[in-house]
Every structure is written in structure tokens, then in C-alpha cells.
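Single-structure report; data block below.
So you know, we letter chains A, B, ... as the sequences are listed, proteins then strands, and number each from 1.
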Number of protein chains: 4
Amino acid sequence: MNQERKLKVIQSTNKLGRPRDTSRDLVIIETTLRHLTLYGYEALSTTEIAKDAGVSKATIYRRWPSKRFLIIDAFKTLPRLEVPNTGNLEGDLKDLLDQLHFLFTSTYVLPVLQILTGEMSHDEVLQEELLPWLEERYYPGRAIIERAIEKKELPEDIDLETAQSIVVGPLLTMVSYSKTNIDEEVLTNLFNFILKALNYKSEEPE
Amino acid sequence: MNQERKLKVIQSTNKLGRPRDTSRDLVIIETTLRHLTLYGYEALSTTEIAKDAGVSKATIYRRWPSKRFLIIDAFKTLPRLEVPNTGNLEGDLKDLLDQLHFLFTSTYVLPVLQILTGEMSHDEVLQEELLPWLEERYYPGRAIIERAIEKKELPEDIDLETAQSIVVGPLLTMVSYSKTNIDEEVLTNLFNFILKALNYKSEEPE
Amino acid sequence: MNQERKLKVIQSTNKLGRPRDTSRDLVIIETTLRHLTLYGYEALSTTEIAKDAGVSKATIYRRWPSKRFLIIDAFKTLPRLEVPNTGNLEGDLKDLLDQLHFLFTSTYVLPVLQILTGEMSHDEVLQEELLPWLEERYYPGRAIIERAIEKKELPEDIDLETAQSIVVGPLLTMVSYSKTNIDEEVLTNLFNFILKALNYKSEEPE
Amino acid sequence: MNQERKLKVIQSTNKLGRPRDTSRDLVIIETTLRHLTLYGYEALSTTEIAKDAGVSKATIYRRWPSKRFLIIDAFKTLPRLEVPNTGNLEGDLKDLLDQLHFLFTSTYVLPVLQILTGEMSHDEVLQEELLPWLEERYYPGRAIIERAIEKKELPEDIDLETAQSIVVGPLLTMVSYSKTNIDEEVLTNLFNFILKALNYKSEEPE
DNA sequence: CAGTAATCGAGACGGTACGTCCCGTCTTTAT
DNA sequence: ATAAAGACGGGACGTACCGTCTCGATTACTG
């Protein structure tokens, strides 16, 4: 599972000579994330990152072919959603919303995702590189729904694609475009909305 | 209402001298939108826009202080949501989803919004400039919900902020991160999900 | 004689309409000379001259086809050498050196001449325009020599071209490249040098 | 002595990193001299020089802070007068006039000197930078006169400043403002004029 | 004495150079 | 071979000026 978080740096092909200092990888990535969040994609400069990270530009370009790929790799080091497994849909959904809330408010995920989404809009290479990877992050949404269907907590004929967009979309939109503080109450409202949207019947009353 | 769509170009200070050629404003804006969609924020070059629009750089910088403000203004010329008024929530929601679908698939709105969202993440000026304006676009979502509450089509205690995020969020997320084609069926699924989420009871109690 | 000093402004061909305001010619020329002396050829800007002279750029370009010709015309308004006629070469030469000294230290002539000399070096149009006119200024040097030859004050076989360069050249070079103050003594030294160079024999064989 | 001819390029501050390619200095200087002579100060464009020299603008601006200083440096690479030492004033003066003639007709010296003289007229920085350096070129004139005084070839009380202006001034003025071809005869005339002006007595006839 | 037309100041226009900065590559010495 | 340092060609930035143009207002002559 950690496997997937490995950096996609260009690997050295040669075994001769001085070996790469892998600690540099991390410093560069961290500096990149910081700059990206502070200045955005355009104002981000490899020259500046190199200075700030105490690294030469060659050291950066030896690992990544361009600014774009450095940023992609930086993004991929960010924390990801974990598939919840609480036993029922209610618990799983609550857990997922909490995870999303955490990612969007306490990590670099939101700004970097937004910046890369902007870049993806006109960059097919970036799309091909990132979309499958983003699906991984979505997967938890889909996974808990599939499990709920198996358990008959949800009707069989539910459309997975739409269903998972209902789980992630509203929260992402709120953190992106609303100044409203996302507190426990909002999360609870959202939780209820989603359950109702999915036609979830609480197990007990039956 | 059209007032708000007026370009925020730097206005000439007095009435002396040769007046600005307003037709240039439009050519520049259109060229900008085209380039923005094709090349993105970073690769967008005022030098190129000037050449392509058959205009001098001075003519651009006379109107907008920098690339960033040119893009903001370009965004503001894009079509907006209109408040539906079909008589009931079902009709309004259907209309709204159709409008959103159209905006996201047949206009420049989606890429430009994504690019600007990325820029907003680290640029407070841009946020202050754009967020209130985006709220305008959201407003239709809120408006139809408020109207439905008045008409008792929806329960009174519904949270507006969350509710409107349910209307726009899933679709925006789908068009941004899913390769799924958004067809009539998907829209219908979404429509049903939203109505259920909002606890909407069809008027004719079947 | 004043004929030659007339400005070469483009004349209005039409007798209809509002007549040119000739007072503008002078204001522009004077502002040009001031700016030329203060800022030089390159930094001289018609935009700035227009502002400073309280005139529009069109008013300038209606009279002169370009910056270059404006400057030429400005130069031509500067005072010129007058042919001395004191009765003998000694008096004439003294008078001429005094005139040159005055032109070089109390008027705009020196800086403007230097600037235009620099421009002439690579601009044939300017050469053709200015060289004959400069010869006019030289002419006094040649004139007094020719007169002295006629009067047998100077040998017949003297080379006019070289002779006049001896009259003007040293002083021009000194004011251009030496920080030495040109006082009465220097002028007297120069005066004596020149007379000796020309093989002048004082009439009253002392 | 060669020390003084070294370019005043902005020196790299330390010995780390890729060293400056000094061959670029030369290409840039040569291109500058060519353009200066062809197009003059104003029309000279660093952008064009860069293109023509196959060099980037950064490479130019890394070495010189502006066009002006590039030109100054270019001027300083031009050949200079050498102090003649033939044994007597006659030989030295002949040699000097020949050198001047060569410099003014077969090198870039004249146009560049004229252009810089024009710029100096309103630019104190340039004056302070160039005048002492020009004095070096004059020095040969002064040097041969001083030597002649020591040798009693010339009277003791001669004014050096004026005397050297007689050596250089007439020729400079002729090449600047006269279309006359400067041939052997003109040089001989000038030579004789100068010797007479300085009161030189040929050694032998005595 | 109203109509006409060139003039005026102001400033917009296309074009182009300025000097700065960044990209991604290359070249040096040291490890 | 890798490291830091920084030079390299290329090219965009935002500013400023050139010489042209277009606007409303002014100012003489014409009819």
C-alpha cells in the first residue's frame, strides 16, 4: 500500500559513481508543496525551489523532467483516503466524511488538487497521469457503497458513478467556494442528505 | 442585472482624446478565453494574445493591469445560470441541472473555472474578487430551494448552504474527475438523488 | 540672411480652415533644445516634449516628419558665426575666436553639435542635410583667410581646407575633451599659434 | 598598460559554478561596434545584438548593466595611439598624424568617438568614465611635445594644453565635417602648419 | 453671419525595444 | 556519477516611446 506512494523520480541507471542522495528527494518535494501552496503553479519557480531547498537545479532536473512532473510527484506524496470498515454504511460514511474534512482543512491536499485540476483542463498528459490516481482516492466512496449494496443496505440498482459523486462532490464544492466554516453540524447535515439520497434504510426500525 | 456583467476594465479618466475602441475589449477577451482553454494559465502569454488578436500589448495593458485581471474579466463574460421558475421544485431542479450540464460541456466555463479555482487557492485578491461573483452563480441553487421551502415543498429546517452544495457539487465533481459521459440518464439519477436528499415529497401523494 | 535661418517646417498647403499657430513652432523648438541638452538624443522623447511644451504630438508631427528633423531644425535656429571685418587678419581672427568661444560656452551650440555629429556618423540623410549648413558656419574661417591672401597678409599657396581646420579645430577639441577652462590666456595662445601656423607676418615690421 | 584596456564587464563574484565564456564577451563587443557604426546609438538594440551575436539577452546583461556601458566597453577595445619615439619632433609628429589618420579612416574609432561625445554632453557619468580615458589617447600628443621641450627643440614657455589641441584638433575636425579626402598632401600641410605654430626650428640649418 | 475645414489638445492605436526573470540545459570543481 | 553553483539560449513580462489615428472643441476664412 505504501508502494503506491513511492516517488516517480527518474531512477539512476548506473551503478557507478557517487550514489544519489535520496534525502534530497524529500526536501525538494516538501519545498515544492510549500511553494505551490503559497504561490501557485505559475509563480512557482524551480530556480526558487532550488535556492530554498539548498539544492542545485541540476539535482531537481536529474529527478524530474520538468516542473509539471515535479508537482505531480509532490501531489502524490500527500495523504490519501483509507477505505473505512466499520461494519455498516452509516459508520463508513461518517468516517469517510471525517477523512475528507481532515484532508481538505489540515493538509496541502486541497490547494494542490485545485491547482492541478486547473492544469489538467488543458493538459492531456496531466489528465492521463492524474485521473486514474484520483480514482484511487474516490475508490473509498465507491467501495463502501458497493459493500452496502452487497449487504442489502442499499438498493441494487443504484448508479455507482453518480452515487460516489454525491459523497465527495458537495464537500469539495463547499470547501472550494463557500466561506462557511465546515463544522460538525454541517458534516452531520451532509451525512443525512447523502444517506437519504442513497435511499438508505436504517437497520434497526425494521 | 446586466450591470454586473460589465467588464472591469480600467476606465479612461476623462472624456478628452480619442476614445477607447470598445470592440477591442471583446476581441481581446475572446482571444484570451480561447488561449486559456487551449494552453492554460501558465502558458497564456499576453504577447501571443496581442499578436493573435491583432492588437498591441499597450492596448491590453491600458485596460487590465496584468494577465490575472484580464483572465478574471474574461471569466466574467461567460454565460451564467438563470434562476428557473417553472412552478415547482421538480421543474426548477431539472432546469438547473440542464443549465449546469450545458455550461460545463458547451462553454468555456469549466476549464476557466477550474483554472481560476486553482489560482484562488493562494491568491486572496482573486478570492475577494471572484467568490462573491461565484455566489451569484450559486444563487439559483439557493433560490429554488428557498422558494420550495416557502411553498412547503421542502421542510423548513433544511440547511441552505449544504443543500445547495448538493445541487451543484456532484455534477461539478463528475465533469472534473470522471471520464463518464454525462447523459440524460446520469442527470436523471442525479435529479432523483437530490430530491430524495432534500426530503422532497411529490405534491400528488401517489 | 535671416532667410537661411527660417525653419524648415512642413508648410500647410491649404488656405482653408484654421491657420497654423506659428507661436507653437518656437515653443516646440525651444523645448526640444532644452531637452536635447538635458537628456541627449536617445532619451529625447516627442511625447515628453509635447507634454512639456503644452502641445499635442499631432502638432509636432504636422510640422516635422520625425524626431530627427525636429532636432535638425532646432539646431538651425541656434546662433551662427558672423564674418568679421575688422580690416586685417589679426582683428578678424581675434573676433572669430571670441565668437567661437561664446558659441561654445554660452549657447546650446556645443552639445547639440556634438549630438548631431554623433548621429551624422551613420546617417547619410543627416549628413546631406547638415554638412553644407555647417560649412556656412565654417565659411567665416575660410572667408577671413581668403581675404588675407588677397591683401597679401598670407602667402598665396596656402591650403584653405587645412587652414580653416586650424582655426576651428583646436578650440572645438579643447571644449569637447578638456576640462581646462578656456580663458583669455588660452585664447591668446591659440591666436598666436594660428597666426604662426599660417605664416602671418605682422604688417608693421616691428 | 594592457591592464587599462581590460573590459569593465561585471565580474562574477566567486569561483563556483560554470565560468563565464569569455569568447562571448568578444562576439558581443564586435557585434556592438558593427551595429553602432551601422545604425548609431539610438537605433542600436540589445535585442538585435543578442540575435545577431547568437547570444541571449541575459548573457549581455550579465556583463553590462545597460546599453550605455556596453558601448563604453566596446569603445575601449578599439586601438589606441602609441607614443612615437623616432628621435626628434619632426619624426614623432609625422608618426602621430599617420596614426590618427589611420584610426580615423580605417577603424571604428571615429564614429564611436563621435557618438560617445554626443552622449557625454549631457551625461556626467559618461564624462567621468571617458574623459580620463581619452586623455590617455591624447597623451602621445603631449608626450612628444614635452620631450621636444626637454630636447630644446621647442621653446620652454609653450602651453601644453593648447599645443596638443593643435596636434589633434584640426585633423579630427576635418574628418568630422569636411568631405575632403585626407591624403598625403593634406597631412603634409597640416604637419607644416603644426610645426610652424609650435615655433619649431629645424635642427640642421642652424 | 452661418457653414466649412484645417487646426488645436488629448490620448488611443500597432509596433517594437527595454531590462528583468524563469525554464530546462550545460559546464565547471569538489566529493 | 552526483553535488552546488551558476552561465547559457530562448522567450514572456509589464513599461515606455514612436509615428499615426481619431475624437470634440476652436478659429479663421468663405459664400
Check the distance between [N]'s [atom2] and [X]'s [atom1] and give it to me in whole angstrom.
X       : N      : atom1 : atom2 : value
C/Ile28 : F/dG19 : CD1   : C1'   : 15 Å
A/Tyr39 : E/dC21 : OH    : P     : 15 Å
D/Asp25 : F/dA7  : CG    : P     : 12 Å
A/Tyr41 : E/dC22 : OH    : C1'   : 13 Å
C/Ile60 : F/dT20 : CD1   : C1'   : 14 Å
C/Ile49 : F/dG19 : CD1   : P     : 11 Å
A/Arg18 : F/dA3  : CZ    : P     : 6 Å
C/His35 : F/dC17 : NE2   : C1'   : 14 Å

- Begin from the C-alpha positions of D/Tyr41 and D/Arg68 and carry the test side chain to side chain donor-acceptor pair (under 3.5 Å) through to its verdict. CA-CA 9 Å; D/Tyr41 192 105; D/Arg68 167 202 267 53; 3.2 Å; yes
- Would you check if B/Arg34 and B/Glu30 make a side-chain contact, meaning some heavy-atom pair closer than 4.5 Å?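 Side-chain contact under 4.5 Å: no.
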- So do the side chains of B/Glu119 and B/Leu130 get within less than 4.5 Å of each other, counting heavy atoms only?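 No, their side chains stay 4.5 Å or more apart.
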- Side-chain (A/His122) to main-chain (B/Tyr39) donor-acceptor, under 3.5 angstrom: yes
- Would you mind classifying the nucleic acid contact of B/Arg24 as base, sugar-phosphate or nothing, using non-hydrogen atoms under 4.0 angstrom? sugar-phosphate
- List for me each residue that meets side chain to side chain contact (heavy atoms under 4.5 Å, CB included) alongside A/Ala58, sequence neighbours excluded, and say none if there are none.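 Counting only residues at least two positions away or on another chain, A/Ala58 forms a side chain to side chain contact (heavy atoms under 4.5 Å, CB included) with A/Ser56, A/Arg62.
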- Note on the structure: Closest non-hydrogen atoms of A/Thr31 and A/Ala53, given as atom of the first, atom of the second and distance, are OG1-CB, 3.4 Å
Name the pairs: protein N/O against N/O of nucleotides 11-15 of chain F, kept only if under 3.5 Å.
{"residue": "F/dC13", "atom": "OP1", "partner": "B/Thr46", "partner atom": "N", "Å": "2.6"}
{"residue": "F/dC13", "atom": "OP1", "partner": "B/Thr46", "partner atom": "OG1", "Å": "3.3"}
{"residue": "F/dC13", "atom": "OP2", "partner": "B/Thr46", "partner atom": "N", "Å": "3.0"}
{"residue": "F/dC13", "atom": "OP2", "partner": "B/Thr46", "partner atom": "OG1", "Å": "2.6"}
{"residue": "F/dC13", "atom": "OP2", "partner": "B/Thr47", "partner atom": "N", "Å": "2.8"}
{"residue": "F/dC13", "atom": "OP2", "partner": "B/Thr47", "partner atom": "OG1", "Å": "2.7"}
{"residue": "F/dG14", "atom": "OP2", "partner": "B/Tyr61", "partner atom": "OH", "Å": "2.2"}
{"residue": "F/dG14", "atom": "O5'", "partner": "B/Tyr61", "partner atom": "OH", "Å": "3.3"}
{"residue": "F/dG14", "atom": "N7", "partner": "B/Lys57", "partner atom": "NZ", "Å": "2.8"}
{"residue": "F/dG14", "atom": "O6", "partner": "B/Lys57", "partner atom": "NZ", "Å": "3.1"}

- Task: Indicate whether OP1 or OP2 belonging to F/dG6 is found under 4.0 Å from a side-chain N or O atom of D/Arg20.
- Result: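 For F/dG6, OP1/OP2 do not have a side-chain N/O of D/Arg20 under 4.0 Å.
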- May I ask you to evaluate whether D/Arg63 reaches the phosphate of F/dC8, defined as a side-chain N or O under 4.0 Å from OP1 or OP2?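 Yes.
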- Item | Toward the 5' end of DNA chain F, by each residue's nearest nucleotide, C/Leu16 or B/Pro19 | B/Pro19
- If you measure from the Lys or Arg side-chain nitrogens to the Asp or Glu carboxylate oxygens, is any gap between D/Asp73 and D/Arg63 under 4.0 Å? no
